[in-house]
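See structure below.
Atoms considered below: every heavy atom in the structure, side chains included; atoms not considered: hydrogens, waters and symmetry mates.
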Amino acid sequence: MRRRIAARLTPLITTALVVLGAASTRAQSLELPIFDTHIHYSAADWIEYPPDRILGILEKAGIRRALVSSTPDDGTLALHARDPKRIVPILRPYRTRDDMGHWWQDPAVLDYVQERLQKNRGVHKGIGEFHLFGGQAGTFVVKRITELAVQENIYLHAHSDELAIIELFTIEPRLKVIWAHAGMSSGPQAVGALLDRYPTLWVDLAIRNGDVAPGGTLDPGWRAVFLRHPDRFLAGTDTWMTSRWEALPGSVTEVRGYLSQLPREVAEKIAFKNAERLFP
């Protein structure tokens, strides 16, 4: 009789343990703090979303710290003034959105970058996020930006294709680069190859939730490269347009969802520990 009861109970106990384990994993993922390495607070946001409202959204989403760049830079500085412990400023080389299409060949943009770095000495921890693609890196402006990054010991945040990343490191091998959006369309094999090649390259995963975890399930290729380079990936969302502020909490939930499918140590590194090492 005892054996029959035990035989019937064993599957139930096993199922209960599996359910409890899954619930525990989900609970841990919900608690996982985030260092978001891809936030913008640009002019179009300022009226509808004053700084205190933005900081409230970040707090509610569990974003403990955020790497922020804005068009123009005044938005970043406004957030930083309100919460310097949470906000890590970097300098976007755009005075207006129009600069996005020609900044790499515009001496006036270079003047703007140099003036802002000098005026706010030590405040900005990087230059970017900027858009730069293969064949555009050979200008005086870009070369001078790379010199400034090395001189100031700060990071570049590059929204670039694979070729532009190679060109930046060819110009200046001492650069420290955060590759925005993991190249936007680059696959895990290509991303892994560049991480193998450049030890001072890190990768933010903003806007890649659907590629990294289609349907919410972590892609095996991305999982493999996360495990191979656990110290080189950074969580991110991207508030490139005003409507993204309302979408931000859902995006963070998706990030926590795929991170929960990794070993806890790796998940914590991508969620916040890697970025905190770069920006202590």
Option passing side chain to side chain donor-acceptor pair (under 3.5 Å) with Thr237 (candidates Asp36, Asp204, Asn209): Asp36
Flag side-chain contact, heavy atom, 4.5 Å: Leu195 against Trp179: no
Any donor-acceptor N/O pair, Arg208 side chain to Ser186 backbone, under 3.5 Å: yes
Pairs where residues 271-280 contributes a residue and the test side-chain hydrogen bond (donor to acceptor under 3.5 Å, both in side chains) is met, not counting sequence neighbours: Arg64-Glu276, Glu268-Lys273, Asn274-Arg277
Residues Thr71 and Arg97: side-chain donor-acceptor under 3.5 angstrom: no
Salt bridge flag under 4.0 Å for residues Asp99 and Arg92: no
NZ/NE/NH1/NH2 to OD/OE distance under 4.0 Å, Arg95 and Asp106: yes
List, one per line, each side-chain donor-acceptor pair under 3.5 Å for residues 49-56, sequence neighbours excluded.
unit_1	atom_1	unit_2	atom_2	d
Tyr49	OH	Glu246	OE2	2.7
Asp52	OD1	Arg82	NE	3.0
Asp52	OD1	Arg82	NH2	2.7
Asp52	OD2	Arg82	NH2	2.6
Arg53	NH1	Glu48	O	2.9
Arg53	NH2	Glu246	OE2	3.4

Aromatic ring pairing Phe133/His131, orientation class (parallel under 30°, perpendicular over 60°, tilted between): tilted
Given Arg121, Lys176, Arg116, the one that forms salt bridge (Lys or Arg N to Asp or Glu O under 4.0 Å) with Glu152: Arg121
Same cluster (ILVMFWY, side-chain, under 4.5 Å), Leu234 and Leu218: yes
Other residues, nucleotides, ligands: >12 heavy atoms within 6.0 Å of Gln151 CD: yes
